2 protein chains.
Amino acid sequence: MTGLAHPDIDEIVLSDVLAALGDETRLAIVATLARNEHAAMTCSQFLEFGSKTALSYHFAKLREAGLISVRPEGTRRLISLRRADLDQRFPGLLDSLIACHAASPAGAEP
Amino acid sequence: MTGLAHPDIDEIVLSDVLAALGDETRLAIVATLARNEHAAMTCSQFLEFGSKTALSYHFAKLREAGLISVRPEGTRRLISLRRADLDQRFPGLLDSLIACHAASPAGAEP
DNA sequence: TGCCTTGTTCAAGGTTTATTGAACAATGGA
DNA sequence: TCCATTGTTCAATAAACCTTGAACAAGGCA
């Protein structure tokens, strides 16, 4: 088992975080996670954003950048935003990003 | 002349901005511009970050993403952060990003 | 005029990215 | 046990990325 590597808090790199979010799909995933921080979300709840394979790829990107944590639970994976870790490493950044995305989502008025 | 196209304020896209900043070189360029917002900067002041050609490429990326404006002046180009435009489009984002970068620059302690 | 400086463009190259479909592993329930 | 569900891995592909060096354009100054 390779074991679902997550970077430590102080291994989270700003440019990696921004590169991970510099993609509409991953930005939408993170925004969705932020909107549902109370609930535990699984990969299959994001199928509107892409195929299973594509999602697996994007979740790996987000996990390696330190944005999300992935915890196996039975046959599925519970996904969550690393809100506390990110707030500690980059205070205010996540809120700022999410507010900006909410104010101008990808599919704004034509 | 193709004419140095700059996106309008409402054409600036969040994921494009983040993708542009998801690169150490461009992040460092923007941080430098933010630190010297009073002065007018030219391309050659950034040679520590890469070759002429590489810089030309990165400046084009930043310009197309809406982060900087480039104004020809004689034989050189005056580069500036689109601070006001960005603050209008994404309030607080630029300050947040710059603060995060300043708190954990690329070349932190080994 | 001629030269120097500043910066762009081009073609080439190697790397990384994002997507797809097929095959696989593991859990859980009938 | 068999089967459905969940999600990963693999190989392949097309596109985008970043860097390089050589060549070019244009302004300023002698």
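In what follows, chains carry the letters A, B, and so on, assigned in the order in which the sequence lines appear, proteins first and then strands, with residues in each chain numbered from 1. Because the structure is a prediction, the values reported are computed rather than measured.
- With 3.5 Å as the limit, one finds no donor-acceptor pair spanning the side chains of B/Ser51 and B/Thr53.
- For residues 39-75 of chain A, every residue pair satisfying the ring pair (Phe, Tyr, Trp, His ring centres under 6.0 Å) rule, not counting sequence neighbours, is listed here: A/Phe46-A/Phe59.
- Between the CG atom of A/Leu18 and the C1' atom of C/dT17 there is a distance of 17 Å, given to the nearest Å.
- Residues from residues 45-66 of chain A placing a heavy atom under 4.0 Å of any atom in DNA chain D, listed by number, are A/Lys52, A/Thr53, A/Ser56.
- The distance between atom CZ of A/Arg26 and atom P of C/dT16, rounded to the nearest whole Å, is 15 Å.
- In this model, the phosphate group of C/dG28 is not approached by any side-chain N or O of A/Arg76 to a distance below 4.0 Å at OP1 or OP2.
- Counting to the nearest Å, the P atom of C/dG7 and the CD atom of B/Glu73 are 12 Å from each other.
- In this structure, CG of B/Asp23 is placed 18 Å from P of D/dA16, rounded to the nearest angstrom.
- As rounded to whole Å, 18 Å separates atom P of C/dT17 from atom CD of A/Glu24.
- Across B/Arg76, B/Arg71, B/Arg77, a single residue satisfies side-chain hydrogen bond (donor to acceptor under 3.5 Å, both in side chains) together with B/Glu73, and that is B/Arg71.
- Between B/Gly50 and B/Leu55, the shortest heavy-atom distance links the atoms O-CD1, 3.7 Å.
- Salt bridge status for B/Asp95 with B/Arg83: present, with a side-chain N to carboxylate O gap under 4.0 Å.
- At whole-Å resolution of the value, CD1 in A/Ile29 and P in D/dG7 are 12 Å apart.
- Atom CG of A/Asp23 sits about 10.0 Å away from atom NZ of A/Lys61, to the nearest 0.5 Å.
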